[in-house]
Amino acid sequence: MYNFNSGPATLPPDVLQEAARAVVNYGDTGLSILEIPHRGALFTELLEEGNALVRELLSLNADYEVLWLQGGGRMQFSMVPMNFLGPGETAGYIDSGHWAADAIKNAAFYGNTEIIASSRNEGYRNIPRWEIIPDTLAYLHITTNNTIYGTQFFRFPETQVPLVADMSSELFSRTLDYNQFDLIYAVAQKNIGPAGVTLVVIKKSLLEKQKRELPGILSYKTIAAYNSVWNTPPVFAIYCSVLNLRRLRQTGLQAIESRNEAKARQLYEAIDGSRLFYGTAQEGDRSRMNVCFRARKPELESAFMQFAKERNITGIEGHRSVGGFRAALYNAVTPEAVTHLINVMQTFEADHTP
Ligand SMILES: *Cc1c(COP(=O)(O)O)cnc(C)c1O
């Protein structure tokens with residue numbers, strides 16, 4: 001199958017095969033990866049390898065802690081303000097889509113929020129342009145890739161306040177100066193591994209700024225102090241993520257970025273050259289990870305879905321809130337898959353346009 005799902009998303013076949021073997025017998029230990037204790041040497045080694053891979057792939061300086069948490073993106077929408085937005089304080093948010101808006105809603109439980117820029121009135125077709133970022137904010141939160149609308153930040157706010165980035169649907173897809181962020185979070189199920197684990201990278205200096213007393217499970221500082229094993233972490237999800245990151249290290253972030261760029265360019269060119277399909281995101285802000293498009297004849301959309309399905313394409317339906325089509329081009333989506341999708345689109349178009 002050619003899987004273009006936006007999440008949970010496709011993983012490299014060799015990662016799946018190795019994970020499958022480990023479910024039966026992990027590294028010749030005679031134990032399943034599902035059976036090993038989370039405080040034992042085997043898992044401790046795995047976690048340390050994972051932390052080192054994250055640091056290396058993102059070229060992080062020594063100021064950062066790497067954490068593996070649960071609860072997904074939604075949990076981060078709450079944990080960020082719970083930890084870093086004190087009562088009476090104001091956090092800034094850039095409202096670039098559904099997930100960004102959800103993060104804002106959740107922050108309002110803990111303090112004030114200020115929308116620094118929003119593209120809501122444009123149907124989130126573009127990344128909103130920001131102007132002045134007050135330096136009184138507790139932090140500024142951005143969503144660097146908008147999974148549902150297919151827009152992506154290619155330029156980042158420069159600010160004195162801590163910069164928090166939801167990078168769920170793009171982390172490890174491109175090279176960037178990751179040290180410009182104070183906190184990065186990414187759910188695994190888009191571009192890292194299976195659902196069940198969320199990767200957090202946080203500056204040590206930020207950890208010290210926890211604004212209220214919190215149960216350990218909700219405190220970055222506590223979880224960091226326990227090296228992500230304050231509770232039982234999702235061992236299997238972390239294991240699969242480490243397998244994937246190991247593989248990514250062999251490829252190199254630069255190489256994967258070039259490949260991702262080429263895949264996206266090829267698909268956007270095909271869409272722009274089509275008489276039937278058109279892209280919905282504004283040029284210049286188009287995501288390399290999630291490509292959103294529609295048919296000029298809406299009545300043909302379900303026919304195309306069926307046509308694609310018959311040709312082993314899955315996961316191209318747009319998010320339920322926007323409709324149309326969306327193809328995720330995460331790291332594990334091969335250039336061959338993209339070429340196949342384009343061929344299928346072109347064949348359909350030839351059959352359905354005069
Ligand atoms: C998928 C996604 C989320 C939500 O993740 P859950 O784990 O389902 O809560 C949050 N932010 C972004 C950018 C996403 O793509």
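Because the structure is predicted, anything quoted here is derived from the model rather than measured. Both counts, for ligands and for their atoms, begin at 1 and track the order of listing.
For atom 8 (O) of ligand 1, the nearest non-hydrogen atom of the protein is R74 NH1, 2.9 Å. The closest protein non-hydrogen atom to atom 2 (C) of ligand 1 is K190 NZ, 2.5 Å.
Only the side chain of T143 comes within 4.0 Å of ligand 1, judged by heavy-atom distances. Neither the backbone nor the side chain of M75 comes within contact range of ligand 1; no heavy atom lies under 4.0 Å.
Between Y93 and Y139, the ring-plane angle classifies as perpendicular under the 30° and 60° cut-offs. Ring-plane geometry between H340 and Y2 is classed as parallel, the angle between the planes falling under 30 degrees on a 0 to 90 degree scale with a further cut at 60. A tilted orientation is assigned to the rings of Y239 and F236, their planes being inclined by 30° to 60°.
Aromatic pair Y178/Y64: centroids not less than 6.0 angstrom apart. Aromatic rings from F304 and F348 are positioned such that their centres are separated by under 6.0 Å.
Backbone and side-chain nitrogen or oxygen atoms of D166 are examined, and one is located within less than 3.5 angstrom of a nitrogen or oxygen of ligand 1.
The ligand atoms of ligand 1 that sit less than 4.0 angstrom from a heavy atom of Q189 are 6 (P), 7 (O), 8 (O). Per-residue contacts place V187 under 4.0 angstrom from the following atoms of ligand 1 (heavy atoms of the residue considered): 5 (O), 7 (O). The distance from ligand 1 to the heavy atoms of G73 drops below 4.0 Å at these ligand atoms: 5 (O), 6 (P), 7 (O), 9 (O).
The only member of R246, R247, R21 that meets salt bridge (charged side-chain N to carboxylate O under 4.0 Å, His left out) when paired with D14 is R247.
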